[in-house]
Amino acid sequence: FSATMPPEIKRLADSYMMNPRKVEVAPAASAAETVIQRLIRVRGGITEKRKALRDLIKSENVRNAIVFCNRKRDVKIVDQSLRRHGFNAQALHGDLPQSVRTATLDKFRAGEISILGASDVAARGLDIDDMSHVFNFDVPMHADDYIHRIGRTGRAGREGHALTLATSADDKYVQQIERLIGTKIG
């Protein structure tokens, strides 16, 4: 069972399964209307993206947020950058022991940590009440992951904000996302 089925996971499953059946329940092809989506163009590389992220967090009314990265090593780099600049942040990714992940999530839910840097693997199934913001530090390589990520905010009729940082190298991924959701990211 999976909330999403990226192509590489489907290929892996198909290689090990005989006559698999796919059952879908109202596949999510769009974000909730309560999620305000914005695309932030960044010139440069990871250093400029880190600065843009910090500036956005300062300028937005961020109560709590998840910052998604495509790679675990980038989660660590972003987490260190945020903490070095005085933000109350903590990393969450698949290489951390389960006890550390659980403790981090408990602190985040309790408001002891306000920003969670996460990889997609660690973020699957996260259910955090009243999440104000989701930041895509990296544009996800699969459009389905975008829907999954931004679905962490804007729940239960509440307004949420999803901001995606993109460089020119991300254009093909942004286009895939926009095709999936049927609109431009604002």
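Everything numeric here is computed off the predicted structure, so don't read it as measured data.
Val134 has its side chain out of reach of His161: every pair of non-hydrogen atoms, C-beta onward, lies at least 4.5 Å apart. The closest side-chain heavy-atom distance from Ile150 to Asn136 is below 4.5 Å.
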Check: Passes side chain to side chain donor-acceptor pair (under 3.5 Å), Gln98 versus Arg101? Steps please.
Finding: CA-CA 5 Å; Gln98 183 62 46; Arg101 291 194 307 248; 2.4 Å; yes
Margin query: If you apply the rule side chain to side chain contact (heavy atoms under 4.5 Å, CB included), what do you find for His133 with Leu163, and how did you get there?
Written below: CA-CA 8 Å; His133 286 74; Leu163 293 89; 3.8 Å; yes
Notebook entry, point to check: Taking it one step at a time, do Phe68 and His148 satisfy side chain to side chain contact (heavy atoms under 4.5 Å, CB included)?
Noted result: CA-CA 11 Å; Phe68 285 103; His148 184 78; over 6 Å; no
Next item on the list: Tell me, with the steps shown, if Tyr146 and Glu178 meet side chain to side chain donor-acceptor pair (under 3.5 Å).
Entry: CA-CA 10 Å; Tyr146 176 81; Glu178 290 175 340; over 6 Å; no
Next item on the list: Walk me through it: do Ile66 and Met131 pass the test side chain to side chain contact (heavy atoms under 4.5 Å, CB included)?
Entry: CA-CA 8 Å; Ile66 299 178; Met131 174 80 57; 3.7 Å; yes
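Checking side-chain atoms of Thr102 against main-chain N and O of Ser99 turns up no donor-acceptor pair under 3.5 Å.
Residues Ile46 and Ile115 fall within the same hydrophobic cluster, defined by Ile, Leu, Val, Met, Phe, Trp and Tyr side chains chained together at heavy-atom separations under 4.5 Å. Leu180 and Leu39 end up in the same hydrophobic cluster when Ile, Leu, Val, Met, Phe, Trp and Tyr side chains are linked at under 4.5 Å.
In this structure Arg83 satisfies the side chain to side chain donor-acceptor pair (under 3.5 Å) test together with Asp79, sequence neighbours excluded. With sequence neighbours left out, the side chain to side chain donor-acceptor pair (under 3.5 Å) criterion links Asp130 to Arg63.
The two residues Asn64 and Ile128 make their nearest non-hydrogen contact at ND2-CG2, 4.5 Å. Shown here for Ala52 and Val42, the closest heavy-atom pair between the two residues is CB-CG2, 4.0 Å. The heavy-atom pair separating Thr153 from Ser132 by the smallest distance is OG1-O, 3.5 Å. Of all heavy-atom pairs between Ile113 and Phe108, the closest is O-CD1, 3.2 Å. Closest non-hydrogen pair, Arg149 versus Pro140, comes out as NH1-CD, 3.4 Å. Of all the heavy atoms in Gly117 and Val75, the pair that sits closest is O-CG1, 3.3 Å.
In this structure, Asp171 pairs ionically with Arg41, as a charged nitrogen and a carboxylate oxygen lie closer than 4.0 Å. The pair Arg109-Asp129 does not count as a salt bridge, with every side-chain nitrogen at least 4.0 angstrom from each carboxylate oxygen.
Here the CG atom belonging to Leu53 is positioned 7.5 Å from the OG atom belonging to Ser81, to the nearest 0.5 angstrom.
Other residues, nucleotides and ligands contribute only 12 or fewer heavy atoms inside 6.0 Å of the CG atom of Asn61.
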